[in-house]
Amino acid sequence: MYVCGPTVYSNSHVGHMVGPVIFDTIKRYLVYLGYEVTWVVNITDVDDKLIVQAQKDGTTVKDLAERVTDDYLRCLEALGVDGIDHMPKATEHIAEIVAMTQGLIDKGFAYPSGGDVYFDVTRAPEYGKLSHRDPEELQAGARIEPSSIKRHPGDFALWKGSKPGEPAWESPWGPGRPGWHIECSAMSMKILGEHFDIHGGGLDLVFPHHENEVVQSESFSGKPFATYWLHNGLLTKSGKKISKSDPGTVILMGDLLQKHDPDTLRCLFLASHYRRPIDYGPGRLDELARGLQAFHGLFDRFERLTGESFHALDAPKHKADGRADSPIPDVGELRDRFLEAMDDDFNTGGAFGELYELVRALNRFADSHKLESATDPGSLAAFRSGVVVLKELSQILGLFRHPRARADSAQDKLTAPLLDLLVQLRTRVRKEKNFALADDIRKSLAELGVTLEDRPDGTSWKLD
RNA sequence: GGCGCCGUAGCCAAGUGGUAAGGCAGAGGUCUGCAAAACCUCCAUCGGCGGUUCGAAUCCGCCCGGCGCCUCCA
């Protein structure tokens with residue numbers, strides 16, 4: 001599986017993470033089903049944009065690329081995108097790119113011109129098949145800049161001759177750098193072979209990038225390139241596409257990660273089908289976070305009842321190891337429905353809905369069996385097995401990998417013991433039926449962001 | 001102008017031929033000393049108009065509205 005990664009000239013915005021999270025989930029699911037998946041995401045670290053930006057910043061292309069790549073990797077890690085097997089860089093594959101370019105010239109699909117090398121789209125009758133475009137009509141669009149060194153306006157550069165001061169590598173056509181599309185063909189071919197199963201990327205890459213990848217790859221190898229093309233919908237902000245070339249729309253991923261839980265952000269991308277556009281509007285993330293509370297409520301409940309942490313649970317990693325049946329009503333069926341949704345073109349939105357139903361089924365079971373007050377080992381074990389199913393399915397979506405980070409500093413040594421102490425005192429007050437004082441304590445704590453929950457088996461506190 | 005996508009409750013969203021998942025918000029209820037949490041119940045006929053069909057949100061046509069690509073873009 002090959003997914004187009006970023007051109008690293010400026011830090012990642014939210015939109016850049018849609019694809020990685022979606023394809024991370026797709027890989028998780030394929031692995032869950034028992035497939036072996038090798039996932040490649042490229043880093044394009046040389047290109048006109050980088051040259052311009054580096055000059056603006058007064059730095060080198062190399063430094064800029066490294067800095068932006070680091071930001072990208074940090075975002076991936078924060079979001080739990082950990083299934084990428086290879087991240088090849090264009091600058092480390094110049095030899096392959098040159099060889100492929102030469103091969104295309106030898107086969108008559110490309111021609112050198114003025115220090116550049118262009119792919120000749122008229123030599124590939126199938127050009128346009130991916131994006132349903134007719135090369136002749138591309139001319140009619142007239143938005144392609146005319147160039148005297150190109151034979152056909154639709155021809156695209158495989159190799160660009162360099163001007164003095166620009167990053168350059170030696171080649172049979174003089175010093176230069178790769179064109180934009182060739183690195184993906186060269187690197188996917190090197191790592192995955194001439195033909196592979198899945199190629200992904202944003203919807204905005206269909207043309208010209210993927211179209212060009214297909215022609216140059218198939219012209220070179222004579223074999224079909226990717227079997228399946230998956231294009232994820234784009235992120236919009238108030239209806240407008242988020243794009244680096246439209247600075248008003250850019251929302252930096254790094255900024256969002258400061259304020260929001262990674263699970264919330266994953267849900268933003270997974271709550272709807274991957275092909276649909278996702279609109280990022282005000283309050284959207286808060287809304288999702290409120291919804292996620294139900295899960296955390298169940299995790300807390302599970303921990304109170306069993307002493308085990310949901311996050312430490314060991315759940316089946318493969319479908320074959322999971323259990324289809326459950327002593328708890330609906331659990332087996334909900335698991336089936338979750339998997340059916342995923343089987344249907346990775347319908348994460350539908351699958352996500354089943355997860356909520358599963359939470360409700362588990363709470364319903366815990367309520368009806370009075371798990372808080374009874375000590376029936378059988379019921380507790382059944383509850384636990386149901387929670388394991390929840391964990392099994394959550395893992396597929398890459399959710400709830402870690403306990404939620406508290407927004408405050410509850411981790412300090414004093415807060416928890418002090419709150420415990422207050423709760424103890426309040427419990428005594430309540431026993432004495434001094435509800436006015438007990439309610440005062442609860443109200444004051446609420447103002448500090450501490451919520452108290454009185455249960456049959458005691459009182460617990462939680463921080464917002 | 002060409003290619004393509006979308007329009008489901010106040011908001012987000014699944015469903016693509018058999019009488020509408022789920023989430024947020026809202027209303028009522030159970031539990032509770034009161035709350036919180038949890039659970040239960042309620043809240044849409046699917047942009048509009050025609051057509052096909054025993055039957056359509058789901059298929060076809062037209063119209064209205066929004067968006068993307070055709071130029072760098074995840």
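Reminder, nothing fancy here: chain letters follow the sequence lines and each chain counts from 1. Note that this is a predicted model, so its numbers are computed, not measured.
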If the [atom1] atom of [N] is compared with that of [M], how far apart are they to the nearest Å?
| N | M | atom1 | value |
| --- | --- | --- | --- |
| B/G7 | B/C46 | C1' | 10 Å |
| B/A36 | B/G29 | P | 13 Å |
| B/C12 | B/U52 | P | 35 Å |
| B/C54 | B/U19 | C1' | 13 Å |
| B/C63 | B/G28 | P | 47 Å |
| B/C6 | B/U16 | C1' | 14 Å |

Tell which nucleotide pairs with [N], taking only Watson-Crick or G-U wobble pairs whose two distances are both under 3.5 angstrom.
| N | value |
| --- | --- |
| B/G61 | B/C49 |
| B/U71 | none |
| B/C24 | B/G10 |
| B/C31 | none |
| B/A44 | none |
| B/C5 | B/G66 |

Atom-pair distance ([atom1] on [X]; [atom2] on [N]), nearest Å:
| X | N | atom1 | atom2 | answer |
| --- | --- | --- | --- | --- |
| A/K237 | B/G66 | NZ | C1' | 19 Å |
| A/L270 | B/C12 | CG | C1' | 15 Å |
| A/D344 | B/G15 | CG | P | 6 Å |
| A/H210 | B/G68 | NE2 | C1' | 15 Å |
| A/N363 | B/U30 | CG | C1' | 15 Å |
| A/H273 | B/A21 | NE2 | C1' | 16 Å |
| A/F207 | B/U71 | CZ | P | 6 Å |
| A/L288 | B/G23 | CG | P | 13 Å |

[X] side chain N/O closer than 4.0 Å to the phosphate oxygens (OP1, OP2) of [N]?
| X | N | result |
| --- | --- | --- |
| A/N232 | B/A74 | no |
| A/R133 | B/G2 | no |
| A/H132 | B/C3 | no |
| A/R364 | B/C40 | yes |

Closest-nucleotide 5' rank along RNA chain B - winner of A/G233 and A/G291: A/G291
Between A/G349 and A/V359, the residue closer to the 5' end of RNA chain B by nearest nucleotide is A/G349
Cationic tip of A/K391 above A/F400 ring, under 6.0 Å, 45° of axis: no
Can the positive tip of A/R133 be found less than 6.0 Å from the middle of the six-membered ring of A/F207, inside 45° of the ring normal? yes
Say whether [X] and [Y], considering side chains only, have a donor N or O and an acceptor N or O under 3.5 Å apart.
| X | Y | value |
| --- | --- | --- |
| A/D71 | A/T69 | no |
| A/S185 | A/E213 | no |
| A/T7 | A/D47 | no |
| A/S379 | A/D376 | yes |
| A/Y32 | A/Q395 | no |

So is the aromatic ring of A/F435 stacked onto the base of B/G33, judging by whether the centres are under 5.5 Å apart and the planes are under 30° apart? yes
Hey, does [X] reach any base, or is it just sugar-phosphate, or nothing, if we go heavy atoms under 4.0 Å?
| X | value |
| --- | --- |
| A/G353 | base |
| A/S131 | sugar-phosphate |
| A/I242 | base |
| A/G5 | sugar-phosphate |
| A/S272 | sugar-phosphate |
| A/G19 | nothing |

Close aromatic pair by centroid cut-off 6.0 Å: A/F196 and A/F225: yes
Is the A/Y356-A/F295 ring centre distance short of 6.0 angstrom? yes
Just the atom pairs and distances: protein N or O near nucleotides 5-9 of chain B's N or O, under 3.5 Å.
none

Nearest-neighbour nucleotide for the [X] side chain, [options] considered:
| X | options | answer |
| --- | --- | --- |
| A/K240 | B/A38, B/G23, B/G68 | B/G68 |
| A/R337 | B/A38, B/G23, B/A21 | B/A21 |
| A/E357 | B/A14, B/G22, B/A74 | B/G22 |
| A/L235 | B/C72, B/A74, B/A21 | B/A74 |
| A/K244 | B/C67, B/A74, B/G23 | B/A74 |

Please determine which of A/T451, A/T415, A/D420 meets the side-chain hydrogen bond (donor to acceptor under 3.5 Å, both in side chains) test together with A/W461. A/D420
Please check if the number of heavy atoms outside [X] that lie under 6.0 Å from its [atom1] is greater than 12.
| X | atom1 | value |
| --- | --- | --- |
| A/R123 | CZ | no |
| A/E77 | CD | no |
| A/E126 | CD | no |

Would you jot down, in residue-number order, the residues of residues 70-85 of chain A having a non-hydrogen atom under 4.0 Å from RNA chain B? none
So A/D263 and A/R401, salt bridge (charged side-chain N to carboxylate O under 4.0 Å, His left out) or not? Walk me through it. CA-CA 9 Å; A/D263 284 328; A/R401 294 162 301 119; 5.1 Å; no
Point-to-point distance, once rounded to the nearest 0.5 Å, from OG1 of A/T38 to NZ of A/K27: 7.0 Å
Checking only heavy atoms, does the side chain of A/E354 share a donor-acceptor pair with the base of B/G22 at less than 3.5 Å? no
Polar-atom pairs under 3.5 Å, protein N or O versus N or O of nucleotides 34-37 of chain B: list them with distances, or write none.
unit_1 : atom_1 : unit_2 : atom_2 : d
B/C34  : O2     : A/R442 : NH2    : 2.3
B/C34  : N3     : A/R442 : NH1    : 2.8
B/C34  : N3     : A/R442 : NH2    : 3.2
B/C34  : N4     : A/D454 : OD2    : 3.2
B/A35  : N6     : A/D454 : O      : 2.6
B/A35  : N1     : A/D454 : N      : 2.8
B/A35  : N3     : A/R442 : NH1    : 2.9
B/A36  : N1     : A/D454 : O      : 3.4

Is A/D116 salt-bridged to A/K150, going by a charged N under 4.0 Å from an acidic O? no
